[in-house]
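Residues take their numbers from the sequence shown, with the count starting at 1. Keep in mind that what you see is a predicted model, and the values were worked out from it rather than measured.
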Amino acid sequence: MAPSSSKANKKGAADAAAWMFNVVTSVGIIIVNKALMATYGFSYATTLTGMHFATTTLMTGVLRWLGYIQASHLPYPELLKFVFFANFSIVGMNVSLMWNSVGFYQIAKLTMIPVSCLLEVLFDKIRYSRDTKLSIGVVLLGVGVCTVTDVSVNAKGFIAAFIAVWSTSLQQYYVHYLQRKYSLSSFNLLGHTAPAQAATLLLLGPFLDYWLTNKRIDTYDYSAVSVMFIVISCTIAVGTNLSQFICIGRFTAVSFQVLGHMKTILVLIMGFFFFGKDGLNLHVVLGMIIAVVGMIWYGNASSKPGGKERWSLSLPTNRPQKQSNLSESDEHDGKV
């Protein structure tokens with residue numbers, strides 16, 4: 001029993017470290033980008049994302065040259081599908097934010113959880129227990145109370161939000177799918193996808209940003225401080241991109257979405273701490289408490305036997321023995 005307990009403790013510690021890595025880098029890049037865009041007027045979000053992936057590509061190239069990333073294979077059609085979903089996610093989110101009110105934008109983001117659940121049910125034959133479903137509902141309620149204010153929607157805004165939600169959910173599902181199917185580590189998968197995303201976003205980004213903001217990136221007045229913030233943003237983005245792949249690989253897209261709302265709460269808290277308490281009121285605090293309770297409930301409910309499992313499992317005798325070592329999470333296929 002002791003070796004099993006030790007292994008579980010090590011996995012729990014690694015999971016917690018991966019999650020904290022994602023939280024710190026995600027919150028950090030939000031703060032840096034807010035300063036870059038609001039204070040220094042660098043409002044070219046899509047092009048900046050392309051810079052992030054270019055930096056990530058450079059990092060994976062250096063690590064491959066040093067021998068830390070081994071050669072791996074990802075079929076070209078799979079790569080194209082992933083880049084298609086990922087780029088539509090980035091563009092869709094930017095356009096949705098531009099065309100919709102902040103309230104509807106937040107509601108659209110919340111719907112990623114049920115969409116991700118639907119994808120797991122359809123493609124992975126996952127079955128959720130009643131407690132797991134209820135806990136997800138509590139998380140959605142809490143985050144909604146925290147973040148949703150005015151809600152107005154129009155036809156083109158709804159279409160943009162629909163595309164953003166489905167492409168983001170598919171992209172996150174696909175990260176987990178590709179890592180499992182092709183035995184890819186997070187670094188390996190980034191090594192395949194980052195160059196393609198960098199090339200497409202750097203090519204299309206300036207045109208899309210001009211369409212969204214009516215500003216041309218070649219006319220931006222760069223300063224030493226703004227360039228420093230761009231470099232910091234790109235550096236943190238390497239960790240954000242890597243930690244996202246690590247977390248989705250270790251957990252699932254649904255768990256990543258549920259726990260991801262903890263970052264929303266942390267951003268709100270840090271905003272109150274750094275920028276004043278104007279937005280801090282009773283219903284926001286209540287929403288935070290509800291969301292945190294829901295996240296704790298979800299973690300407990302989904303980890304119990306039957307909390308989140310496959311409808312049917314393939315016979316183990318039909319799978320090569322080495323497949324059991326692809327990831328620790330494969331030992332309990334439906335568990336978080």
Side-chain angles (χ1 to χ4, degrees), residues 26-27 29-31 33-34 37-38 43-46 48-49 84-119 133-173 205 208-215 244 253-254 256-272 275 278-292 294-295 298:
S26 297
V27 173
I29 201 169
I30 289 172
I31 294 173
N33 287 353
K34 182 175 181 180
M37 294 180 181
S43 55
Y44 313 98
T46 308
L48 181 62
T49 306
F84 177 83
F85 294 143
N87 286 354
F88 259 92
S89 168
I90 294 166
V91 174
M93 282 296 179
N94 289 340
V95 175
S96 177
L97 184 58
M98 181 184 72
W99 285 349
N100 292 310
S101 67
V102 174
F104 185 75
Y105 175 77
Q106 291 294 344
I107 288 178
K109 287 181 66 177
L110 289 177
T111 62
M112 289 179 194
I113 292 181
V115 170
S116 295
C117 290
L118 178 61
L119 293 176
K133 294 174 184 176
L134 288 174
S135 67
I136 292 175
V138 171
V139 173
L140 294 175
L141 174 63
V143 177
V145 171
C146 284
T147 59
V148 175
T149 53
D150 61 307
V151 178
S152 60
V153 61
N154 54 72
K156 65 178 185 179
F158 178 84
I159 293 172
F162 181 86
I163 292 173
V165 167
W166 277 91
S167 57
T168 302
S169 300
L170 283 165
Q171 181 255 343
Q172 292 182 355
Y173 172 83
L208 181 64
D209 289 331
Y210 178 72
W211 176 53
L212 293 174
T213 65
N214 205 31
K215 296 179 181 178
Q244 181 190 27
V254 173
F256 183 75
Q257 282 289 340
V258 171
L259 297 176
H261 286 300
M262 179 61 75
K263 292 178 286 189
T264 302
I265 294 174
L266 287 175
V267 169
L268 286 172
I269 293 173
M270 293 183 71
F272 300 144
F275 305 111
D278 294 338
L280 185 60
N281 53 52
L282 182 60
H283 88 271
V284 172
V285 174
L286 178 63
M288 290 180 181
I289 295 172
I290 294 172
V292 172
M295 291 172 197
Y298 173 81

Quick check: does any side chain N or O of [X] sit under 3.5 Å from a backbone N or O of [Y], one acting as donor and the other as acceptor?
| X | Y | value |
| --- | --- | --- |
| Ser167 | Ala164 | yes |
| Ser169 | Trp166 | no |
| Thr49 | Ala45 | yes |

Checking Asp209 now: which residues fulfil side chain to side chain donor-acceptor pair (under 3.5 Å) with it, not counting sequence neighbours?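 Residues passing side chain to side chain donor-acceptor pair (under 3.5 Å) with Asp209: Thr46, Thr47.
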With side chain to side chain contact (heavy atoms under 4.5 Å, CB included) as the test, would you mind laying out the steps for Phe104 and Asn154 before giving the verdict? CA-CA 10 Å; Phe104 185 75; Asn154 54 72; over 6 Å; no
Test log, rule side chain to side chain contact (heavy atoms under 4.5 Å, CB included), inputs Phe88 and Gln171: CA-CA 9 Å; Phe88 259 92; Gln171 181 255 343; over 6 Å; no
Residues two or more places apart in sequence or in another chain: which of them pass side chain to side chain contact (heavy atoms under 4.5 Å, CB included) with Ile30?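 Here the qualifying residues are Val267.
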Quick one: list whatever passes side chain to side chain contact (heavy atoms under 4.5 Å, CB included) with Cys146, sequence neighbours left out.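 For Cys146 the side chain to side chain contact (heavy atoms under 4.5 Å, CB included) partners, ignoring immediate neighbours, are Leu268, Met288.
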Within a strict 4.5 Å, meaning less than it, do heavy atoms of the Leu48 and Met37 side chains meet?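 Of all side-chain heavy-atom pairs linking Met37 with Leu48, at least one is under 4.5 Å.
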Are the side chains of Val254 and Tyr298 in contact, using a 4.5 Å heavy-atom criterion?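 Contact flag for Tyr298/Val254 side chains = yes.
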I need the minimum non-hydrogen distance between [X] and [Y], along with the two atoms involved.
| X | Y | result |
| --- | --- | --- |
| Leu140 | Leu110 | CD2-O, 3.4 Å |
| Leu170 | Phe85 | CD1-CE2, 3.7 Å |
| Gln244 | Phe256 | CG-CZ, 3.6 Å |

Between Trp99 and Trp211, what is the ring plane arrangement, given parallel below 30°, perpendicular above 60°, and tilted in between?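 Perpendicular: the ring planes of Trp99 and Trp211 meet at over 60°.
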